There are 2 protein chains.
Amino acid sequence: MTAVAEIQAPEALEISPAKERLLRVAIDLFYEKGFERTTVRDIAARAGILSGSLFHHFKSKQEILYTAMALTTRSMGESAEAAVQGIDDPVEQLRALVVCELNSIHRESEHAAYVLVDEWRSLDSEHREAVLALRDSSYERCWDVALEGCKARGLLKTDAKIARQFIRGALAWTRNWYRPEGELTIAGLADEVLQSFLKN
Amino acid sequence: MTAVAEIQAPEALEISPAKERLLRVAIDLFYEKGFERTTVRDIAARAGILSGSLFHHFKSKQEILYTAMALTTRSMGESAEAAVQGIDDPVEQLRALVVCELNSIHRESEHAAYVLVDEWRSLDSEHREAVLALRDSSYERCWDVALEGCKARGLLKTDAKIARQFIRGALAWTRNWYRPEGELTIAGLADEVLQSFLKN
DNA sequence: GCTTGACAACCAAGCGCTTGCTTGTTTTTA
DNA sequence: TAAAAACAAGCAAGCGCTTGGTTGTCAAGC
């Protein structure tokens, strides 16, 4: 019998308030310094406990990262589904998804979306698969529907798959230059994205 | 007197063949596992020497990263300048720069471009500034010229600065899905990029 | 032509410190 | 009063880096 990993399915993760507080602290630190440079002592200190006490809540540092990423993925999927609900026009679906992604990068949930992108490599492979499967079944599915809809109406300049990747890249990169406090609003930025990637 | 950092100006870096070999090994490992997870013992072992001997060539692990990033930045700047040389049409300048960037991500120099993007946070701030200054004065300048040229001819759908960021994001993201061994060539991918971001 | 000295490259050993995590016990909470 | 949460202490392993000495190379000096 090979070592069984016993990964908690992300759909089934239940989080106590105490755990949630620790996760918020951990996510902040992962955002500030990265997973590898963040020590369990760092996390514990900012949470006001000793490092050993962390392991009462999580069985390893890796499990902290996994839990953070799985929860973030789950909630981003839920946001995406909520965003397109009741919208039939694929262009408006796309706009809603762009706004939704920009919000999760620039507004919500204490940098959780940053960690999701940056620390992918620090997540070991079994956990990675679990998170990926969850993302494909919720978040990515919403995007596929919207983009295929645009494609069917002849609104895309390129293949839907390529457009998806271009848009995803452009949105992910906004974290390196865009600040929602400035003149350009998130809705305005979303307009620019649609204008760039759709025929007009 | 505060501690003086004594950073080697990236323009003045001279690299012996031995150092270059070590840098190649280090870059490969940084690409595979990340800077933090790569130990000096890893680098030395793959290079066939003992870990202490590394410090005969570099005075710290940090200096290995800095040297790698500075050299990569320098050579990417040179490539960009060579790519646009003799081209007057801003659209063709842009095409050349896109191809150039795609090449450095997907073809050349043992993943050096990956490391440049991924390990930015592991570079400490003084070194970061030095690399950034070099990039702005060569690589970014080429892009600015090309995009302002497009803008002046009314070919851009958005502000030149925003277009720059969208394109940069889309190109950087290609590493997560595009493989040059597949059906789509780099020139073909560059076509798709131009078609997406320029008026047609 | 052989010796000498200087230098770069590397080895062998290990120091001081930090890391993730464990254990046994005490405090807090419900 | 029992379970949950936190403490106190520390272990084993691994980390970047240092030190002192051993090679191999090659040009200058007699």
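None of the values given here were measured: they were computed from a predicted structure. Convention: sequence-line order gives letters A, B, ...; per-chain numbering from 1. These values consider heavy atoms only, across backbone and side chains, with no hydrogens, waters or symmetry-generated copies.
Of the possible polar contacts, none joining the A/N103 side chain to the A/C100 backbone as a donor-acceptor pair under 3.5 Å is found.
In the 5' to 3' direction, nucleotides of DNA chain C lying under 4.0 Å from heavy atoms of chain B begin and end at C/dA8 to C/dG14.
With sequence neighbours left out, B/F166 forms a ring-ring contact (aromatic ring centres under 6.0 Å, His included) with no residue at all. With sequence neighbours left out, the side chain to side chain donor-acceptor pair (under 3.5 Å) criterion links A/Q62 to no other residue. Qualifying side chain to side chain donor-acceptor pair (under 3.5 Å) partners for A/R46, counting only residues two or more places apart in sequence or in other chains: A/E32. Here A/R121 pairs with B/E119 under the side chain to side chain donor-acceptor pair (under 3.5 Å) rule; sequence neighbours left out. With sequence neighbours left out, A/V84 forms a side-chain contact (heavy atoms from CB on, under 4.5 Å) with A/Q93, A/L97, A/C142. Residues meeting the side chain to side chain donor-acceptor pair (under 3.5 Å) test with B/S75, sequence neighbours left out: none.
Here salt bridge (charged side-chain N to carboxylate O under 4.0 Å, His left out) pairs that include residues 63-72 of chain B, with residues two or more places apart or in two chains, number zero. Evaluation of the side chain to side chain donor-acceptor pair (under 3.5 Å) test over residues 154-172 of chain B, restricted to residues two or more places apart or in two chains, returns A/W173-B/Q165, B/E140-B/R164, B/E140-B/R168. Listed by first then second residue, pairs satisfying salt bridge (charged side-chain N to carboxylate O under 4.0 Å, His left out) with a partner in residues 182-193 of chain A read A/R95-A/D191, not counting sequence neighbours.
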Along nucleotides 1-11 of chain D, 5' to 3', which nucleotides get a B, which get an S, and which get a -, given that the test is a protein heavy-atom distance under 4.0 Å? ---SBBBS-B-
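Residues from residues 33-40 of chain B with heavy atoms under 4.0 angstrom of DNA chain D, sorted by number: B/T38, B/T39, B/V40.
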